[in-house]
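Following: one structure in structure tokens, then a few remarks.
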Amino acid sequence: MKCKKEWAFERVVGMELANTESSVLHGVRNRAECMSACLTETTFVCRSAKYNYQTNDCYLSKQSRRTVPMAFRATTDQVDYLENQCAPEPQICEYRAVEDRLFSVEAEVANVANITDCLHLCRNSEAFVCRAYRFDEALKQCLLSADDRASVRNAADQGQTQLVGFMERAECIDITMSCGPTSMAAVLKLNRPFNGRFYPADKPSQCVIIGNNDFEVQLTMALDSEECGTKSLGNGTFINDVVVQMHPIVLRDSDRRVRIACDYPTAKVTLTDELTVNGVPSRSMDPNQANITQTVSGIAALPKVRLQIRNGSGKEVQGAQLGDSLILSIDMVEEQSAFGIAASDLVAMSGSGVETLQLLDGRGCPVEPSIFPTLSRIRDGRSLTTRFAAFKFASDSIVKFRVTVSFCLDSCPLPDCSMPANSLSRKRRAVSGGSNSSALEERELTMELAILVDTESNKAPTIGKDGIVNEAQAKYRTNEVCTKSALIWGLGISAMIIQVVTLSCCIGSVSMYRQLKRQKGDIFESPSATTQTTLAWNANASPKNPDLFRMYK
């Protein structure tokens, strides 16, 4: 861990944090090794360590004297309490006036305009952890201190300038947003264990998270349910107000009310997750409610979409025969989502890309309905599908489909196909004067899929993983010669005729040969009218001739 602080640890001799160990290391040679182990710990956030000089044991803890002050107690002088100043902490903190304590001064900054600038200096201190600040209006001076109530007992021993009237840091929180397809989640991080309540301001009982000594909790709120009181502004933004109540029972003026928001952009976008968190100044609310001290917003990650070609039974295919009934579908992977989809600019291309055919225009209307009809909407506009007959290009059996998919909040408007395409601009950029349309063209998602279409074939074509055509096989198949059944029958009959003629000639030749031999008195056949010739081992043959021989029987 890289630490830019002037001191990485606060050391208190003879003190310990009792019964809070998260890990124990034995045989640690010195205090420096113990501190290094805390800085490099990766399985949990090490906020403090305890080193015992007698046993050479090092105790690492998630807690500190500021998170569990009641566990901080005196022990033998052979023990050091070591608090990690480099441990990450939430940065949105409340500050309270402290009049009865003396705080040390680590930094003095002159010519500071006001108390707000002084607070900013404390929050952004890099040299040390600033836990308190004091602004002198007359001198325009800002004093920064590393002390708070947990450490002030040692301020008199540090030999530094000490003053009263500081603003001390209290609870610190961070809230980040996670915007999902059907819900939004607020993740609360704190600088001390949370045992309070985290809930929407208007639904404190129906939708609540209760802490259990947690440093992080998450509140998930459905977008389309009244249970948690999430509201839609009608422009793709959902908002809610959440309350961070530190006490498990009562709400106090120091508790925080935070406005959260998720933006669902209605645009053609690349499917990448984005998240932004913005803090804004406090706004006054109903005096009976906790004030909004922060607004947190996030941009929703757009849902995943898949492009498929299926046969009539609904099974995904990678190849087909010319004229087969196929289904093209564009589906959102999630069953539920705040988005709907629309398709436009669907183009069919040959494998080489030389030949193209426009199937859907920029509005999403079919160019030639007899080849490719209108896409139908199912699953509340979260799937688009249509049936078409398999076609191919004359020069290529590979057909690629490329389509642009648009995302809209809830559902996309149906395309107006009543007017001819040439009366409108092919792209919606023609209406760029409207704010909604201009947003639609900033980014777009283009999907592509290829299939193999044959005229006649008994062998199913193959396409590789992720819809990529096996080019080697495609080239091989384009060089195959297709034959018709009539030609096959003709060739078979001709071959049979040739065999019959050849056999007749052979029989005639043998008959003539035998007649000639009889006339010469050289007989090779036995007196039997029927002669069968086989090959066999002669078991009684001479060892000099153990070969196959011709036997008559």
Quick check for you: to the nearest 0.5 Å, what is the distance between [X] atom [atom1] and [Y] atom [atom2]?
| X | Y | atom1 | atom2 | answer |
| --- | --- | --- | --- | --- |
| Met167 | Phe103 | CE | CZ | 11.0 Å |
| Leu384 | Met332 | CG | CE | 10.0 Å |
| Ser125 | Glu6 | OG | CD | 8.0 Å |
| Gln245 | Ile210 | CD | CD1 | 9.5 Å |

Pair Arg123-Tyr133, side-chain donor/acceptor within less than 3.5 Å | no
Side chains of [X] and [Y]: closer than 4.5 Å at any heavy-atom pair?
| X | Y | result |
| --- | --- | --- |
| Ser145 | Arg134 | no |
| Met246 | Phe194 | yes |
| Ile239 | Lys231 | yes |
| Cys172 | Glu89 | no |
| Leu60 | Phe44 | yes |

Pair Arg96 + Glu171, salt bridge at N-O below 4.0 Å | yes
Of Glu106, Glu168, Arg66, the residue whose pairing with Arg131 passes side-chain contact (heavy atoms from CB on, under 4.5 Å) = Arg66
Under the side chain to side chain contact (heavy atoms under 4.5 Å, CB included) test, residues paired with Gln54 that sit two or more places apart | Asn52, Gln78
Check the pair Asn56, Tyr51 against side chain to side chain donor-acceptor pair (under 3.5 Å), reporting the backbone distance first and the verdict last.
-> CA-CA 7 Å; Asn56 296 117; Tyr51 183 68; 3.0 Å; yes
Once the angle between the rings of Phe128 and Trp7 is folded into 0 to 90°, is it parallel (under 30°), tilted (30 to 60°) or perpendicular (over 60°)?
-> parallel
Name the atoms and distances for all side-chain donor-acceptor pairs under 3.5 Å in residues 12-24, with sequence neighbours left out.
| from | atom 1 | to | atom 2 | distance (Å) |
| --- | --- | --- | --- | --- |
| Glu16 | OE1 | Lys50 | NZ | 2.9 |
| Glu16 | OE2 | Arg73 | NE | 3.1 |
| Glu16 | OE2 | Arg73 | NH2 | 3.3 |
| Thr20 | OG1 | Leu17 | O | 3.3 |
| Thr20 | OG1 | Ser61 | OG | 3.3 |
| Ser22 | OG | Lys62 | N | 3.2 |

